[in-house]
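What you are looking at is a predicted structure, and each value in this text was computed from that prediction instead of being measured. Counting from 1, the numbers follow the sequence of the chain as shown.
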Amino acid sequence: MALVPVNDLLRKADREKYAVGAFNANNMEIIQAIVQAAELENSPVIMQASQGAINYAGLEFISQMVKTAANNTHVPVALHLDHGTDFEQLIRCIYSGFSSVMYDGSKLPLEENIAITKKVLDVARPLGVSVEAELGKIGGTEDDIHVSARDAMFTDPDEAITFVQQTGIESLAIAIGTAHGQYKGEPKLDYDRLTTIKKAVQIPLVLHGSSGVPDEAVKKAISLGICKVNIDTNIREAFVGEMRLVLDLNPTEIDPRKVLGPAREATVAIIREKIRIFGSSNKA
Ligand code: G3H
Ligand code: 13P
Ligand code: ZN
């Protein structure tokens, strides 16, 4: 099956109250694991490549590997640029076949974020490519943000209305208490803010930094309007954790397939688990 636009997947998820997992892909084994997990769960899936992933693997390699995975499966697969901040690179992704791009202007003043998001939409829309934008600052767990400063980073519902009205964006990443990377304590999500934003903008919302968020909190966020859940750190933990285990048990192993094969299996298992939590099993 050809790559599908993320918006098509999210509109259905929004109607039927589940979320589609967006899993970060950095190499062939992780791409294979993501598609295998989606097949086993009969679920739609989003593979996303960050700018770091593109620097590591190369744009054409990422895009061709994901297209090959999509062409050889019956489940819907989307290829999405994660946290794109460079307009030129975003355009290159679109022309190399990505079915969705995120423009992350969250560090810019609102007006600038709106202006560049609109420019991206002008290119993407006629080509049937979806666009995700971000409002509010998601941050990293390494940022060590003081509780009183948290609110200032969260997505402002009034700004969200302005942003959606002025851009016409169809999916929005919001900051409601999650952070990228491994959490030090338990994240506390601002469900009231999520409810208010969803009611106001009525488009599919995206949760970033979802690794380490308790399952029940993720499910509640989905019930309140989150339709795309981003997972990277849990994949890194599973993949590299299994490699470490294999090498600890077999310190003389030199065959990469004997190390990467089990890592791929461990990745299938964690992604299947996430797909079940997100409620997208049998929604392919
Ligand atoms: O949102 C961030 C993702 O975990 C991607 O991380 O930029 O190191 O590839 P990365
Ligand atoms: P985690 O690494 O915290 O799961 O975040 C992933 C993410 O938000 C990618 O955009
Ligand atoms: Zn993110």
Side-chain angles (χ1 to χ4, degrees), residues 1-25 34-35 38 43-50 62-63 66-67 69-70 73-84 87 89-106 113-114 116-135 155 160-161 163-174 194 197-208 210 221-222 224-231 275 278-280 283-284:
M1 202 191 267
L3 292 171
V4 297
V6 166
N7 282 347
D8 293 3
L9 301 180
L10 300 193
R11 269 193 290 268
K12 180 170 185 285
D14 204 14
R15 278 195 308 272
E16 299 181 20
K17 290 234 171 286
Y18 62 90
V20 183
F23 301 102
N24 284 73
I34 295 168
V35 80
S43 166
V45 77
I46 300 163
M47 300 216 208
Q48 52 188 16
S50 67
I62 290 271
S63 134
V66 175
K67 279 182 208 163
T73 184
H74 71 281
V75 298
V77 176
L79 172 57
H80 174 77
L81 170 68
D82 188 30
H83 292 284
F87 182 77
Q89 187 187 43
L90 239 127
I91 304 305
R92 282 198 295 279
C93 287
I94 292 174
Y95 282 100
S96 104
F98 280 49
S99 58
S100 176
V101 289
M102 174 185 191
Y103 173 65
D104 179 355
S106 60
N113 190 359
I114 289 174
I116 304 177
T117 302
K118 276 169 79 171
K119 254 174 69 178
V120 175
L121 278 160
D122 284 347
V123 179
R125 261 212 185 113
L127 299 169
V129 172
S130 309
V131 181
E132 174 184 329
E134 178 174 327
L135 197 59
T155 308
I161 296 173
F163 191 90
V164 172
Q165 279 176 351
Q166 292 197 13
T167 57
I169 196 79
E170 285 170 74
S171 74
L172 185 66
I174 55 169
L194 167 56
I197 296 170
K198 183 71 178 184
K199 222 176 186 172
V201 301
Q202 298 193 354
I203 59 171
L205 299 174
V206 180
L207 193 67
H208 283 246
S210 309
I222 293 170
L224 297 175
I226 293 291
C227 304
K228 172 174 178 277
V229 179
N230 286 12
I231 297 284
I275 286 174
F278 303 162
S280 69
K283 299 289 188 182

query: Of the non-hydrogen atoms in L121 and P126, which two are nearest, and what is the gap between them?
result: O-CD, 4.0 Å
message: Using modelled atom types and a 3.5 Å cut-off, is there a donor and acceptor pairing between side-chain atoms of S63 and backbone atoms of S96?
response: yes
task: Keeping the roles fixed (side chain from S99, backbone from L79), state whether a donor-acceptor pair exists under 3.5 Å.
output: yes
query: Are side-chain heavy atoms of I174 and L135 found at a separation under 4.5 Å?
result: no
task: Identify the two heavy atoms, one from A70 and one from V77, that lie closest to each other, and give their separation to 0.1 Å.
output: CB-CB, 3.8 Å
message: How long is the straight-line distance from CG of L207 back to CG of N230, given to the nearest 0.5 Å?
response: 7.5 Å
- prompt: So, the side chain of K198 versus the backbone of I203: is there a donor-acceptor pair under 3.5 Å, distance only?
  reply: yes
Nearest heavy-atom neighbours spanning V4 and P76: CG2-CB, 4.0 Å
- prompt: Looking at E134, H83, H208, which one forms a side chain to side chain donor-acceptor pair (under 3.5 Å) with S106?
  reply: E134
task: Could you grab the distance from atom CE of M1 to atom OG1 of T73, nearest 0.5 Å is fine?
output: 7.5 Å
query: For the residue pair S100 and H80, what are the closest heavy atoms and their distance?
result: OG-ND1, 2.7 Å
task: Measure the spacing between CG of L10 and OG of S130 and express it to the nearest 0.5 Å.
output: 7.5 Å
task: Please name the pair of heavy atoms, one in V101 and one in V129, separated by the smallest distance, quoted to 0.1 Å.
output: N-CG1, 4.3 Å
task: Measure the spacing between CG of L205 and CG of D14 and express it to the nearest 0.5 Å.
output: 8.0 Å
- prompt: Taking atom CG of L81 and atom CD1 of I62, what is their separation to the nearest 0.5 Å?
  reply: 10.5 Å
message: With a 3.5 Å distance limit and no angle check, can you tell me whether T167 reaches the backbone of K118 through a side-chain donor-acceptor pair?
response: no
task: Rounded to the nearest 0.5 Å, what's the gap from CG on N113 to CD on Q166? Could you check?
output: 11.0 Å
- request: Evaluate whether atom CZ of F87 has more than 12 neighbouring non-hydrogen atoms of other residues, nucleotides or ligands under 6.0 angstrom away.
  value: yes
- request: Indicate the ring-plane relationship of F278 and F23, choosing parallel, tilted or perpendicular according to the 30° and 60° boundaries.
  value: parallel
- prompt: Between A284 and P44, what is the shortest heavy-atom contact and its length?
  reply: N-CD, 3.6 Å
message: With a 4.5 Å cut-off on side-chain heavy atoms, are Y95 and L127 touching?
response: yes
query: With a 4.5 Å heavy-atom cut-off, do V6 and E132 have their side chains touching?
result: no
